Student: 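The structure's right below; bear with me while I get my questions together.
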Amino acid sequence: MPSEPPSHEIVIVKTLEERQQCYDVRILVFHIEQKFPLETEIDELVSFPKPMEDSATHFLLRLIPSLSPIGTIRGFKYPGKDYYKLTRLAILEEYRQFRFGRELVESLHNWVRQDALQNLADNSDDFVEIVCHSQIPVKGFYAKLGYEPEGPEFDEDGDPHQKMIYRMPLQPSS
Ligand SMILES: CC(C)(COP(=O)(O)OP(=O)(O)OC[C@H]1O[C@@H](n2cnc3c(N)ncnc32)[C@H](O)[C@@H]1OP(=O)(O)O)[C@@H](O)C(=O)NCCC(=O)NCCS
(Lines give C-alpha, C1' and ligand atoms only; values in the text may rest on other atoms or scores of the structure.)
Protein backbone atom coordinates (compact mmCIF):
# COMPACT_ATOMS: atom_id res chain seq x y z
CA MET A 1 0.00 0.00 0.00
CA PRO A 2 1.44 3.44 -0.90
CA SER A 3 2.04 6.16 1.67
CA GLU A 4 -0.47 8.95 2.25
CA PRO A 5 -1.53 10.76 -0.95
CA PRO A 6 -0.02 14.22 -1.37
CA SER A 7 -2.31 17.26 -0.88
CA HIS A 8 -4.30 17.79 -4.03
CA GLU A 9 -7.45 19.23 -5.59
CA ILE A 10 -9.64 18.49 -8.60
CA VAL A 11 -10.97 21.45 -10.57
CA ILE A 12 -13.25 21.70 -13.57
CA VAL A 13 -11.15 23.44 -16.20
CA LYS A 14 -12.08 27.04 -16.91
CA THR A 15 -9.06 28.49 -18.72
CA LEU A 16 -7.11 27.51 -21.84
CA GLU A 17 -3.98 27.29 -19.68
CA GLU A 18 -5.65 24.68 -17.44
CA ARG A 19 -6.86 22.79 -20.50
CA GLN A 20 -3.30 22.78 -21.85
CA GLN A 21 -2.17 21.24 -18.53
CA CYS A 22 -4.68 18.42 -19.11
CA TYR A 23 -3.23 17.93 -22.60
CA ASP A 24 0.29 17.88 -21.13
CA VAL A 25 -0.66 15.04 -18.74
CA ARG A 26 -2.40 13.13 -21.55
CA ILE A 27 0.61 13.47 -23.84
CA LEU A 28 3.00 12.26 -21.13
CA VAL A 29 0.80 9.23 -20.31
CA PHE A 30 -0.76 8.20 -23.62
CA HIS A 31 1.96 9.28 -26.07
CA ILE A 32 5.30 9.20 -24.21
CA GLU A 33 4.51 6.31 -21.82
CA GLN A 34 2.01 4.22 -23.79
CA LYS A 35 3.23 5.11 -27.32
CA PHE A 36 -0.12 6.08 -28.82
CA PRO A 37 0.36 8.41 -31.80
CA LEU A 38 0.50 12.09 -30.89
CA GLU A 39 -1.87 13.03 -33.70
CA THR A 40 -4.75 11.00 -32.21
CA GLU A 41 -4.32 12.46 -28.73
CA ILE A 42 -5.89 15.87 -29.09
CA ASP A 43 -9.32 15.79 -30.73
CA GLU A 44 -9.32 19.46 -31.81
CA LEU A 45 -10.27 18.52 -35.36
CA VAL A 46 -13.12 16.16 -34.50
CA SER A 47 -16.47 17.95 -34.62
CA PHE A 48 -19.60 17.05 -32.59
CA PRO A 49 -20.83 19.66 -33.61
CA LYS A 50 -18.07 21.99 -32.47
CA PRO A 51 -14.52 20.75 -31.86
CA MET A 52 -14.59 17.84 -29.38
CA GLU A 53 -12.13 19.35 -26.92
CA ASP A 54 -14.25 22.54 -26.78
CA SER A 55 -17.48 20.57 -26.24
CA ALA A 56 -16.05 18.44 -23.46
CA THR A 57 -15.77 19.12 -19.74
CA HIS A 58 -12.17 18.66 -18.59
CA PHE A 59 -11.14 17.89 -15.03
CA LEU A 60 -7.64 18.68 -13.76
CA LEU A 61 -6.05 16.99 -10.75
CA ARG A 62 -3.22 19.06 -9.31
CA LEU A 63 -1.01 19.17 -6.27
CA ILE A 64 -1.47 21.94 -3.72
CA PRO A 65 0.03 24.38 -3.06
CA SER A 66 2.27 23.99 -6.14
CA LEU A 67 -0.69 23.55 -8.61
CA SER A 68 1.47 21.09 -10.51
CA PRO A 69 -0.81 18.99 -12.80
CA ILE A 70 -0.77 15.22 -12.17
CA GLY A 71 -4.00 13.85 -13.62
CA THR A 72 -7.00 14.47 -15.82
CA ILE A 73 -10.29 13.08 -17.12
CA ARG A 74 -12.73 14.30 -19.79
CA GLY A 75 -16.50 13.93 -20.01
CA PHE A 76 -19.02 14.79 -22.67
CA LYS A 77 -22.44 14.02 -24.04
CA TYR A 78 -23.11 13.61 -27.75
CA PRO A 79 -25.87 15.96 -28.91
CA GLY A 80 -29.14 14.07 -29.22
CA LYS A 81 -27.92 11.00 -27.28
CA ASP A 82 -28.97 10.14 -23.75
CA TYR A 83 -25.65 8.79 -22.48
CA TYR A 84 -22.37 10.39 -21.41
CA LYS A 85 -18.81 9.40 -22.27
CA LEU A 86 -15.85 9.11 -19.94
CA THR A 87 -12.58 9.59 -21.85
CA ARG A 88 -8.88 10.41 -21.45
CA LEU A 89 -8.42 9.35 -17.83
CA ALA A 90 -4.74 9.59 -16.97
CA ILE A 91 -2.63 9.84 -13.81
CA LEU A 92 1.12 10.48 -14.07
CA GLU A 93 2.96 7.22 -13.37
CA GLU A 94 4.58 8.32 -10.09
CA TYR A 95 1.18 9.31 -8.63
CA ARG A 96 -0.73 6.05 -9.25
CA GLN A 97 -2.25 3.80 -6.56
CA PHE A 98 -3.22 6.80 -4.35
CA ARG A 99 -6.89 6.41 -5.41
CA PHE A 100 -6.56 9.53 -7.58
CA GLY A 101 -8.03 7.65 -10.56
CA ARG A 102 -11.07 6.78 -8.46
CA GLU A 103 -11.39 10.41 -7.28
CA LEU A 104 -11.35 11.70 -10.85
CA VAL A 105 -14.00 9.20 -11.97
CA GLU A 106 -16.18 10.10 -8.98
CA SER A 107 -15.82 13.82 -9.82
CA LEU A 108 -16.96 13.05 -13.35
CA HIS A 109 -19.88 11.01 -12.00
CA ASN A 110 -21.00 13.97 -9.85
CA TRP A 111 -20.83 16.28 -12.87
CA VAL A 112 -22.84 13.82 -14.99
CA ARG A 113 -25.47 13.50 -12.26
CA GLN A 114 -25.95 17.28 -12.04
CA ASP A 115 -25.96 17.73 -15.81
CA ALA A 116 -28.40 14.86 -16.39
CA LEU A 117 -30.85 16.08 -13.76
CA GLN A 118 -30.84 19.54 -15.37
CA ASN A 119 -30.66 18.71 -19.06
CA LEU A 120 -31.76 15.17 -19.96
CA ALA A 121 -35.17 15.26 -21.59
CA ASP A 122 -36.07 11.91 -20.03
CA ASN A 123 -34.51 11.17 -16.69
CA SER A 124 -37.66 9.46 -15.45
CA ASP A 125 -36.04 6.03 -15.03
CA ASP A 126 -33.68 7.45 -12.37
CA PHE A 127 -30.54 6.14 -14.07
CA VAL A 128 -28.07 7.57 -16.55
CA GLU A 129 -25.53 5.64 -18.59
CA ILE A 130 -21.83 6.49 -18.78
CA VAL A 131 -19.80 4.74 -21.46
CA CYS A 132 -16.04 4.30 -21.63
CA HIS A 133 -13.68 2.45 -23.94
CA SER A 134 -11.34 0.75 -21.50
CA GLN A 135 -7.85 -0.39 -22.29
CA ILE A 136 -7.69 -4.10 -21.45
CA PRO A 137 -5.24 -3.86 -18.49
CA VAL A 138 -7.53 -1.37 -16.67
CA LYS A 139 -10.87 -3.19 -17.07
CA GLY A 140 -10.61 -4.22 -13.41
CA PHE A 141 -10.21 -0.57 -12.37
CA TYR A 142 -13.45 0.43 -14.11
CA ALA A 143 -15.22 -2.69 -12.80
CA LYS A 144 -14.50 -1.51 -9.24
CA LEU A 145 -16.35 1.71 -10.09
CA GLY A 146 -19.47 -0.06 -11.35
CA TYR A 147 -18.70 -0.38 -15.07
CA GLU A 148 -19.73 -3.58 -16.86
CA PRO A 149 -18.33 -4.87 -20.18
CA GLU A 150 -20.59 -4.86 -23.23
CA GLY A 151 -19.80 -6.60 -26.52
CA PRO A 152 -16.49 -7.94 -27.84
CA GLU A 153 -13.10 -6.27 -27.61
CA PHE A 154 -12.34 -3.93 -30.53
CA ASP A 155 -9.41 -1.98 -31.92
CA GLU A 156 -9.07 1.73 -31.14
CA ASP A 157 -5.96 3.65 -32.18
CA GLY A 158 -4.17 0.33 -32.78
CA ASP A 159 -4.81 -1.12 -29.32
CA PRO A 160 -7.53 -3.50 -28.03
CA HIS A 161 -10.30 -1.87 -25.99
CA GLN A 162 -13.47 -3.01 -24.25
CA LYS A 163 -16.68 -0.96 -24.17
CA MET A 164 -17.80 -0.62 -20.55
CA ILE A 165 -20.99 0.96 -19.24
CA TYR A 166 -21.97 2.24 -15.82
CA ARG A 167 -25.69 2.58 -15.17
CA MET A 168 -25.53 5.29 -12.52
CA PRO A 169 -28.38 6.09 -10.14
CA LEU A 170 -29.34 9.76 -10.52
CA GLN A 171 -29.91 10.08 -6.80
CA PRO A 172 -26.72 9.42 -4.82
CA SER A 173 -27.15 6.57 -2.33
CA SER A 174 -27.67 7.82 1.22
C1 LIG B 1 -5.99 3.62 -14.77
C2 LIG B 1 -5.45 4.68 -13.83
C3 LIG B 1 -6.11 6.02 -14.13
C4 LIG B 1 -5.76 4.26 -12.38
O5 LIG B 1 -5.39 5.31 -11.52
P6 LIG B 1 -4.88 5.05 -10.02
O7 LIG B 1 -4.91 6.39 -9.33
O8 LIG B 1 -3.60 4.32 -10.03
O9 LIG B 1 -6.01 4.08 -9.47
P10 LIG B 1 -6.68 4.12 -8.02
O11 LIG B 1 -5.59 4.17 -7.00
O12 LIG B 1 -7.71 5.19 -7.95
O13 LIG B 1 -7.39 2.70 -7.98
C14 LIG B 1 -8.73 2.52 -7.54
C15 LIG B 1 -8.95 1.06 -7.34
O16 LIG B 1 -8.73 0.36 -8.59
C17 LIG B 1 -7.68 -0.60 -8.45
N18 LIG B 1 -6.89 -0.58 -9.69
C19 LIG B 1 -6.05 0.39 -10.13
N20 LIG B 1 -5.53 0.03 -11.33
C21 LIG B 1 -6.06 -1.19 -11.62
C22 LIG B 1 -5.90 -2.07 -12.71
N23 LIG B 1 -5.10 -1.79 -13.75
N24 LIG B 1 -6.61 -3.25 -12.70
C25 LIG B 1 -7.43 -3.55 -11.66
N26 LIG B 1 -7.61 -2.73 -10.58
C27 LIG B 1 -6.93 -1.57 -10.58
C28 LIG B 1 -6.87 -0.12 -7.25
O29 LIG B 1 -6.18 -1.19 -6.66
C30 LIG B 1 -7.96 0.44 -6.36
O31 LIG B 1 -8.65 -0.61 -5.72
P32 LIG B 1 -9.26 -0.43 -4.24
O33 LIG B 1 -10.13 0.82 -4.27
O34 LIG B 1 -10.02 -1.68 -4.00
O35 LIG B 1 -8.06 -0.24 -3.35
C36 LIG B 1 -3.90 4.80 -13.95
O37 LIG B 1 -3.33 3.52 -13.79
C38 LIG B 1 -3.42 5.36 -15.30
O39 LIG B 1 -3.39 6.58 -15.49
N40 LIG B 1 -3.03 4.46 -16.23
C41 LIG B 1 -2.49 4.88 -17.51
C42 LIG B 1 -3.54 5.52 -18.39
C43 LIG B 1 -4.72 4.61 -18.64
O44 LIG B 1 -4.57 3.42 -18.88
N45 LIG B 1 -5.91 5.23 -18.62
C46 LIG B 1 -7.14 4.52 -18.87
C47 LIG B 1 -7.44 4.56 -20.31
S48 LIG B 1 -8.90 3.62 -20.69
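In each ligand, atom 1 is the first atom listed, and ligand 1 is the first ligand listed. This one's a predicted model, so the numbers in the text were calculated from it and none came from an experiment.
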Student: Going by the atom numbers of ligand 1, which of them fall below 4.0 Å from some non-hydrogen atom of G140?
Tutor: 25 (C), 26 (N)

Student: Is P137 touching ligand 1 with its side chain, its backbone, both, or neither, if touching means heavy atoms under 4.0 Å apart?
Tutor: backbone

Student: Pairs of nitrogen or oxygen atoms closer than 3.5 Å, one from Y95 and one from ligand 1: do any exist?
Tutor: no

Student: Under a 4.0 Å heavy-atom limit, does H133 contact ligand 1 with its side chain, its backbone, both, or neither?
Tutor: backbone

Student: Within this structure, what is the NZ-SG distance for the pair K163 and C132, rounded to the nearest 0.5 Å?
Tutor: 10.5 Å

Student: Enumerate the atoms of ligand 1 whose separation from the nearest heavy atom of Q34 is less than 4.0 angstrom.
Tutor: 41 (C), 42 (C), 43 (C), 44 (O)

Student: Between P69 and R62, what is the shortest heavy-atom contact and its length?
Tutor: CA-CB, 4.1 Å

Student: Could you tell me whether R102 and ligand 1 have an N or O pair separated by under 3.5 Å?
Tutor: yes

Student: Please check if the side chain of R113 supplies one atom and the backbone of L170 the other of a donor-acceptor pair under 3.5 Å.
Tutor: yes

Student: Which atoms from ligand 1 have a heavy atom of Q97 less than 4.0 Å away?
Tutor: 6 (P), 7 (O), 8 (O), 11 (O), 19 (C), 20 (N), 29 (O)

Student: Can you name the atoms of ligand 1, numbered from 1 with element, that are less than 4.0 Å from a heavy atom of G101?
Tutor: 5 (O), 6 (P), 7 (O), 12 (O)

Student: Between V138 and ligand 1, does any nitrogen or oxygen pair lie at a separation below 3.5 Å?
Tutor: no

Student: Hey, is I91 touching ligand 1 through its side chain, its backbone, both or neither, going by heavy atoms under 4.0 Å?
Tutor: both

Student: Under 4.0 Å, heavy atoms only, figure out whether ligand 1 is touched by the backbone of Q135, its side chain, both or neither.
Tutor: both

Student: Select one of side chain, backbone, both or neither to describe which atoms of Y142 lie under 4.0 Å from any atom of ligand 1, heavy atoms only.
Tutor: side chain

Student: Show which atoms of ligand 1 fall inside a sub-4.0 Å distance from at least one heavy-atom site of V29.
Tutor: 41 (C), 42 (C)

Student: Measuring from the heavy atoms of K139, does anything fall under 4.0 Å of ligand 1?
Tutor: no

Student: Show, in sequence, the C-alpha distance, side-chain angles and deciding distance for I73 and S107, and conclude whether the side chain to side chain contact (heavy atoms under 4.5 Å, CB included) test is met.
Tutor: CA-CA 9 Å; I73 195 170; S107 296; 6.0 Å; no

Student: Strictly by modelled atom types, are D24 and Q20 linked by a side-chain donor-acceptor pair under 3.5 Å?
Tutor: yes

Student: Test your reading of the structure: does K144 have an N or O sitting under 3.5 Å from an N or O of ligand 1?
Tutor: yes

Student: One pair to check against salt bridge (Lys or Arg N to Asp or Glu O under 4.0 Å): E103 and R99. What are the steps and the verdict?
Tutor: CA-CA 6 Å; E103 263 191 67; R99 298 221 166 84; over 6 Å; no

Student: Can you tell me which residue among E156, Q34, Q162 is in a side-chain hydrogen bond (donor to acceptor under 3.5 Å, both in side chains) with Q135?
Tutor: Q34

Student: Tell me, with the steps shown, if Y23 and E53 meet side chain to side chain contact (heavy atoms under 4.5 Å, CB included).
Tutor: CA-CA 10 Å; Y23 294 167; E53 303 286 6; 3.2 Å; yes

Student: Under the ring-ring contact (aromatic ring centres under 6.0 Å, His included) test, which residues partner H161, sequence neighbours left out?
Tutor: none

Student: Enumerate donor-acceptor pairs with a distance under 3.5 Å from any side-chain N or O in residues 137-150 to protein atoms, sequence neighbours excluded.
Tutor:
unit_1 : atom_1 : unit_2 : atom_2 : d
Y147   : OH     : H109   : NE2    : 2.8

Student: Before signing off on this row, confirm whether F30 and ligand 1 have an N or O atom pair separated by under 3.5 Å.
Tutor: no

Student: Determine, stepwise, if the pair I91 / L104 fulfils side chain to side chain contact (heavy atoms under 4.5 Å, CB included).
Tutor: CA-CA 9 Å; I91 306 285; L104 275 172; 3.7 Å; yes

Student: Need the ligand 1 atom indices (1-based, order shown) with element for anything under 4.0 Å from a heavy-atom of A90.
Tutor: 39 (O)

